[in-house]
Amino acid sequence: EAGVAQSPRYKIIEKRQSVAFWCNPISGHATLYWYQQILGQGPKLLIQFQNNGVVDDSQLPKDRFSAERLKGVDSTLKIQPAKLEDSAVYLCASSRGLDKETQYFGPGTRLLVL
Amino acid sequence: GNSVTQMEGPVTLSEEAFLTINCTYTATGYPSLFWYVQYPGEGLQLLLKATKADDKGSNKGFEATYRKETTSFHLEKGSVQVSDSAVYFCALSESNDYKLSFGAGTTVTVRA
């Protein structure tokens, strides 16, 4: 079974630029999560999708971050404009509808904002 | 709200030493508890989990017991190997939304 795919793996941008990350969850997984992991900290949930609907985006800085999951499969996370403090690893995870507790993580996208 | 506090690192051990990483939690309900591991250059992987009080999760020689009375879920391994060098994260999720709340992570280095 293929795992969660993410791209790009690394991205360097300047502040005020925009950036987008892509995630392809495990086939058949209904729930998709985006986490932000700042260096030295544990991952923090940004947004949770169930199929193509948003379940929780309470921690998403909506003035600059946006996410979508069209057709309930792939998802994109966008930052516009980026700030220095957005430098982090962005992790995508997915889980089955019936066994929601086990989340499977992708390798992450490491973002550096200069 | 929910929170997880785990032992600060880094932790450096010799091969075959005993490893303990402490984890305590605060939750409003009856959460499920997890240990995730992140090996160098790889993504987070579920190591083990426990879904109710007194459950013991185990995998790859690691164990953790869900202790409701002490709100703890300490990770242990009796004899570590160099390949156990990684960052270990304790996490919890509530049964009503399955969102994971993570601790800050503990970096473990095992020397030959």
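Note that the structure is a prediction, hence the values are computed from the model and not measured.
Within the model, atoms NZ of K99(B) and CD of Q103(A) stand 11.5 Å from one another, a figure rounded to the nearest 0.5 Å. Taking CZ from F34(B) and OG1 from T102(A), the interatomic distance works out to 6.0 Å, rounded to the nearest 0.5 Å.
At most 12 non-hydrogen atoms from other residues, nucleotides or ligands lie less than 6.0 angstrom from CD of E8(B). Atom CZ of R111(B) has 12 or fewer heavy atoms from other residues, nucleotides or ligands within 6.0 Å. Other residues, nucleotides and ligands contribute only 12 or fewer heavy atoms inside 6.0 Å of the NZ atom of K71(A). Summarising the local packing, CD of E69(B) is surrounded by more than 12 heavy atoms from other residues, nucleotides or ligands at distances under 6.0 Å. Within a 6.0 Å radius of CD in E85(A), other residues, nucleotides and ligands contribute more than 12 heavy atoms. Under a cut-off of 6.0 angstrom, the local environment of OH in Y39(B) is crowded, with over 12 non-hydrogen atoms contributed by other residues, nucleotides or ligands. Other residues, nucleotides and ligands contribute at most 12 non-hydrogen atoms within 6.0 Å of the CG atom of L39(A).
Residue Q6(A) does not touch chain B at all, counting heavy-atom pairs closer than 4.5 Å. For a residue to count as touching a neighbouring chain, one of its non-hydrogen atoms must lie under 4.5 Å from one of that chain's; by this rule I38(A) does not touch chain B. Using a 4.5 Å cut-off between heavy atoms, L46(B) touches chain A through its side chain atoms alone. Heavy atoms closer than 4.5 Å to chain A are found nowhere in Q45(B), neither backbone nor side chain. When heavy atoms are compared at a cutoff of 4.5 Å, R9(A) approaches chain B solely by way of its side chain, counted from C-beta outward.
Here the closest heavy-atom approach between residue Y35(A) and residue L100(B) is recorded as OH-CB, 3.5 Å. Taking each heavy atom of G42(A) and F89(B) in turn, the nearest pair found is CA-CE2, 3.7 Å.
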